[in-house]
Amino acid sequence: MVRLFDRLYLLCIWISGISIFFMSLIIPWGVFTRYVLGTGSSWPEPVAVLLMVTFTFMGAAASYRAGSHIAVGMLTDRLPEPVQKTCAILVHLCMVGICVFVMVWGGKLATETMGQTLGDLPWMAVGWTYMPLPLGALMTLVFVLEILFWGPAHERAVVVFDHEGPTSAEAI
């Protein structure tokens with residue numbers, strides 16, 4: 001199972017990376033067509049927003065698994081160890097609730113808007129723009145359940161990039 005989670009983690013990383021890569025190409029194209037060619041394209045902005053939402057939700061899932069998400073531990077770090085563990089479990093259970101909520105309502109939003117199209121992209125259904133919400137919530141839910149049942153994954157080799165030791169430049 002852990003290898004499956006590793007593959008899902010890498011899938012989230014790749015989807016996020018590809019999304020931000022194409023977003024960084026599309027935005028300059030929109031600026032170029034508007035200010036250099038004088039004929040602004042209508043498609044770069046909605047496509048860039050879709051890629052940003054995809055990057056955000058898939059990246060958030062990967063970030064949660066890696067333990068690199070934003071967490072404020074000022075209060076819990078001062079509590080006794082057993083209470084810290086209880087708080088951590090409570091946080092993960094709250095995350096399960098949030099993920100299920102976003103999956104259900106984001107999924108409803110996506111399916112109910114599949115019959116509508118975007119004004120700037122008439123070939124694309126609006127529902128596809130909402131699809132990263134339930135998919136990202138599903139991936140986050142998988143990683144939350146992994147943490148609850150198999151423990152944290154932030155020490156796994158697929159998550160830690162410096163597990164191979166120093167490079168030749170660092171050894172000098």
Side-chain angles (χ1 to χ4, degrees), residues 1-33 41-73 88 91-114 116-118 120-121 123-165 167:
M1 282 301 278
V2 176
R3 286 188 180 175
L4 173 66
F5 297 138
D6 287 347
R7 291 179 194 265
L8 289 175
Y9 170 78
L10 289 174
L11 178 67
C12 288
I13 293 291
W14 275 97
I15 289 172
S16 296
I18 290 168
S19 295
I20 203 163
F21 173 76
F22 281 110
M23 187 175 71
S24 66
L25 294 177
I26 289 171
I27 291 172
W29 175 256
V31 172
F32 176 76
T33 59
S41 300
S42 63
W43 64 269
E45 183 180 350
V47 172
V49 168
L50 173 61
L51 292 171
M52 182 190 63
V53 171
T54 303
F55 162 73
T56 301
F57 280 89
M58 290 301 183
S63 174
Y64 196 86
R65 184 176 195 244
S68 60
H69 53 83
I70 295 174
V72 179
V91 165
H92 294 311
L93 292 175
C94 288
M95 281 300 296
V96 167
I98 290 168
C99 290
V100 169
F101 178 86
V102 173
M103 279 174 41
V104 169
W105 290 101
K108 284 184 178 191
L109 180 64
T111 55
E112 290 177 5
T113 56
M114 280 296 183
Q116 304 170 15
T117 59
L118 292 170
D120 294 331
L121 303 171
W123 52 269
M124 178 182 268
V126 173
W128 289 112
T129 63
Y130 294 120
M131 199 56 73
L133 278 78
L135 293 177
L138 173 65
M139 297 305 263
T140 305
L141 178 63
V142 167
F143 296 144
V144 170
L145 294 175
E146 175 195 19
I147 292 168
L148 282 171
F149 292 111
W150 284 278
H154 62 271
E155 296 289 331
R156 292 197 44 80
V158 72
V159 175
V160 180
F161 294 109
D162 60 355
H163 66 280
E164 296 175 348
T167 62

Compile the donor-acceptor pairs under 3.5 Å between side chains in residues 13-22 and protein atoms, sequence neighbours left out, one pair per line.
from	atom 1	to	atom 2	distance (Å)
Ser16	OG	Cys12	O	2.9
Ser16	OG	Gly59	N	2.9
Ser19	OG	Ile15	O	2.8

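- Heavy atoms of other residues, nucleotides or ligands lying less than 6.0 angstrom from CD of Gln116 number more than 12.
- Each salt bridge (charged side-chain N to carboxylate O under 4.0 Å, His left out) pair with one or both residues in residues 137-147, not counting sequence neighbours, appears once here: Arg65-Glu146.
- Heavy atoms from other residues, nucleotides or ligands lying under 6.0 Å from CZ of Phe5 number more than 12.
- The side chain to side chain contact (heavy atoms under 4.5 Å, CB included) test with Pro132 is passed by exactly one of Leu50, Thr56, Leu51: Leu50.
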>> Using side chain to side chain contact (heavy atoms under 4.5 Å, CB included), reason through Tyr64 and His92 one step at a time and then give a plain yes or no.
In response: CA-CA 10 Å; Tyr64 196 86; His92 294 311; 2.7 Å; yes
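- Atom CE of Met58 sits about 8.5 Å away from atom OG1 of Thr140, to the nearest 0.5 Å.
- Looking at residues two or more places apart in sequence or on another chain, you find no ring pair (Phe, Tyr, Trp, His ring centres under 6.0 Å) involving Trp128.
- The CG atom of Leu11 lies 11.5 Å from the CZ atom of Arg7; values are rounded to the nearest 0.5 Å.
- Distance check: Met103 CE to Lys108 NZ gives 12.5 Å after rounding to the nearest 0.5 Å.
- Listed by chain and residue number, nothing satisfies the salt bridge (charged side-chain N to carboxylate O under 4.0 Å, His left out) test with Asp120 (two or more places apart in sequence, or in another chain).
- When the ring pair (Phe, Tyr, Trp, His ring centres under 6.0 Å) test is applied to Tyr130, no partner is found at least two apart in sequence or on another chain.
- Interatomic distance, CZ of Phe55 versus CE of Met23, reported as 6.5 Å (0.5 Å rounding).
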>> Checking Thr129 against Leu121 for the side chain to side chain contact (heavy atoms under 4.5 Å, CB included) test, could you report, in this order, the C-alpha distance in whole Å, the side-chain angles of both residues, the deciding distance, and whether it holds?
In response: CA-CA 11 Å; Thr129 63; Leu121 303 171; over 6 Å; no
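- Between the CZ atom in Phe101 and the CE atom in Met95 there is a gap of 13.5 Å [rounded to 0.5 Å].
- Among residues two or more places apart in sequence or in another chain, the side chain to side chain donor-acceptor pair (under 3.5 Å) test is passed with Ser68 by Ser63.
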